[in-house]
Each structure stands twice: as C-alpha cells, then as structure tokens.
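Down below is the structure, laid out as structure tokens.
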Amino acid sequence: MDLALLRTFVTVHRAGSFTRAAALLGLSQPAVTSQIRTLERQLGRPLFLRQARGVTPTSIGDELAHKAAPHLDALVEIAESRLEDASSRRTLHLAGPPEFIAERALPALTEPVGEDGRGFALRASFGTTEEVLEGLAAGHHDLAISTTRPRGALFTATALCDEEHVLVAAPRWAEHIGPDALRLKGAPALKDLPLIDIHESLPFVSRYWTSVFDARPAAPGTIVVPDLRAVLACANAGAGLAVLPRYLCAPSLDGGALVALHDPVVPPLRTYFLVVRTGTLALPPVAQARERLLRAAARWY
C-alpha cells in the first residue's frame, strides 16, 4: 500500500475535511479526493461518508486510521530527527493572543536552559483564537495558545492555566462609586460610567457583568482598543473601568495606580489551552516548548 495514500488518508481523517487536508498537505482538493478514491478502490470499501460540510469516517476508516496513524507519526519523527541532526536548530512557530504571548509565553520560552540554550529558534505571531487555529491547521504554526478547546481529531489540546478576571479602575473612580455601592446595588451602581475594552462588543466587560452581576453593561464602551495592554494603560490613566486578567494588572494594583472594585466569591475565569496538530508532539521543538510552558504555568498562580 502506497505510504503517500496513507498519509493523505490520515490527514483527511484528522482534519475532517478534504479542503482542510489539502491545505495541510500542500495539495489541491481534487488531488486529495483522487488519492482517497484510489485507496478506497484498493481496499474495496468506503473510508469516508461525504457530508454537506466535511467528511465522516466509516467504521473501516476509523479502524485503518487507528492502525496506520501511529506508524506514520513515527516515520515523521524519524525524518524530523534527521533534520535536527543536519541543522543546528529548528524553528518553532508559536501563535496566540498578543498579551498572553508577550507577558507569559515568550518569557517562559526565551529563558536559556543549560549550555545549549532552549534548543530551537522561535517565531511568534498574534491573532484571535479562530485565526491561530486556522493557521495551525494550515501548517503555518507549530504550537498555538487558544482560549477554547478545539474539537475534532486534527488537534491535540492540553489545559495550560486559568486566568482570573478583575474589575479595576483608578482610585478616583472607586471613590466616585463608593465603598458599598456594588455590594448593595450591583451593576446599576456602575451605570453610565466609562468602560474600556478590546472590542465594540465589550467581551471582557460583558462576560464579567453576566457572570458576576447577572446583567448586561448599561452603556457602550467609551474607549475601545484591540490590545489588553492598551486597555491597561488607559485604565492606569484614569480613563474608566476595565476588566483585566489579574496577571496583567497585578503591578498596577500593587503600586496603587488601580484598585479592584469588586471581590466576587467566584471570580470569572478563562482557560488557556496548548494546541498542536495531532501527531506533532513527536517533534522535539514542539514537545520541548509544550513542556516548558506547562512547567512555567505551575508558577503563575
């Protein structure tokens, strides 16, 4: 049986789509379709059921993938090991949200380890969860940090850490609201106060309001900037209220530039996931970066 056909089959099985598999393999969709049909003719059985959106493996397809995928992954590992020997360093391509990559991931990955350093060159790019997962599926990235756990066999995801969200503002706004207003009135105590967020939909503020106050924000954002570090800078300057990850605003809270306006019993949390294409954890740079991030995350609480 042709290994190229098996490789295409396993990629389609993991991607759940001829189109996505074609992008991963660098082939045209008709070429992928032709290879799958050839393999099905050789086996005399259908491997996929064509759906309106993507494909679903048959029982024979699932059985073949279960048997073939580990061996193909092992061959990839052997090939990559030889590449590692032939060159001094392989490049790891990392993608994720800009603030988390800058403040958390890059410091953990760029700190030298041992005499040989970290063992891989590093390239980082920023994007939304949808963007970084699409890039990972297309082979543009090796490792993605996502705020949602992706579905399907194409990806392997591991929970990295939880991020606590805090409602913050400059001290003058806390004085304006009053010490007991939130406890007594809840969200109405914040009505018409200026809000800062990363998008017009107020994703951080709205999630906090829904989770803590069981309400929606009563006013649109006063300042909208597409980076949480810019939101932090505006809040530090006294421009209004913001909901920020605790790790990002902790220095401002400790220094007194910001105060936490509320201390809910159960604060809103957001989970980050490390995501790779299934099978690529056999590659040394991917495995090393994942292990270093998991170790660093244990110190972030």
Side-chain angles (χ1 to χ4, degrees), residues 10-11 13-16 20 23-24 69-85 87-164 245 247-248 269-301:
V10 169
T11 304
H13 186 273
R14 287 172 170 169
R20 185 174 291 175
L24 289 168
H71 301 290
L72 288 171
D73 291 341
L75 289 174
V76 170
E77 181 180 4
I78 292 171
E80 289 291 337
S81 296
R82 290 180 178 176
L83 287 174
E84 289 286 326
D85 293 339
S87 61
S88 60
R89 179 169 292 192
R90 184 183 183 278
T91 299
L92 176 86
H93 293 267
L94 172 71
E99 309 85 6
F100 193 88
I101 292 289
E103 301 292 330
R104 289 299 207 196
L106 288 179
L109 293 175
T110 55
E111 180 183 2
V113 175
E115 296 180 359
D116 297 329
R118 60 184 172 276
F120 53 85
L122 181 62
R123 300 290 184 271
S125 58
F126 302 148
T128 64
T129 288
E130 182 179 357
E131 290 168 345
V132 301
L133 290 180
E134 286 180 355
L136 183 65
H140 301 316
H141 316 310
D142 301 307
L143 178 64
I145 296 176
S146 167
T147 54
T148 60
R149 183 190 291 274
R151 295 181 176 181
L154 177 62
F155 298 121
T156 298
T158 305
L160 176 62
C161 65
D162 289 329
E163 171 186 271
E164 179 188 349
Y247 80 85
L248 191 63
L269 299 175
R270 181 168 68 168
T271 301
Y272 285 95
F273 298 91
L274 291 177
V275 188
V276 300
R277 290 186 302 282
T278 299
T280 59
L281 280 176
L283 306 180
V286 178
Q288 291 167 16
R290 176 179 176 274
E291 181 61 27
R292 292 196 65 177
L293 287 168
L294 288 172
R295 287 201 307 267
R299 306 190 299 267
W300 292 342
Y301 295 98

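Computed from a prediction, not measured in an experiment: that's the story for all the values here.
- Here the side chain of T148 pairs no donor or acceptor atom with the backbone of P150 at under 3.5 angstrom.
- Nearest heavy-atom pair, T271 versus A159, reported as atom, atom and distance to 0.1 Å: CG2-CB, 4.5 Å.
- Within the 4.5 Å cutoff, the side chain of Y272 has heavy atoms near those of the T147 side chain.
- The two atoms that bring A124 and I101 nearest to each other are CB-CG2, 4.2 Å, heavy atoms only.
- For the pair L160 and L294, the minimum side-chain heavy-atom distance is below 4.5 Å.
- Formation of a donor-acceptor pair under 3.5 Å by the R123 side chain with backbone atoms of A95 is not found in this model.
- Taken to the nearest 0.5 Å, the CG atom of L106 stands 6.0 Å off from the CG atom of L122.
- Under the 3.5 Å distance criterion, the side-chain polar atoms of R14 are matched with a main-chain donor or acceptor of T278.
- The OG1 atom of T11 sits 9.0 Å away from the CG atom of L154 when rounded to the nearest 0.5 Å.
- Contact detail for R277 and H141: the closest heavy-atom pair is NH1-O, 2.6 Å.
- Between F100 and Y247, the angle of the ring planes goes over 60°, which puts this pair in the perpendicular group of the 30/60° scheme.
- One distance of note links CG of L293 with CH2 of W300; it measures 5.5 Å at 0.5 Å rounding.
- Between the CZ atom of R149 and the OG1 atom of T158 there is a distance of 7.5 Å, given to the nearest 0.5 Å.
- Considering all non-hydrogen atoms of both residues, L269 and E164 come closest at CD2-CA, 3.6 Å.
- When every heavy atom of A108 is checked against every heavy atom of A296, the shortest pair comes out as CB-CB, 3.6 Å.
- In this structure, CG on D162 lies 11.0 Å from CZ on R270, to the nearest 0.5 angstrom.
- Interatomic distance, CD of E134 versus OG1 of T128, reported as 7.5 Å (0.5 Å rounding).
- Here the closest heavy-atom approach between residue D142 and residue V276 is recorded as O-CG1, 3.8 Å.
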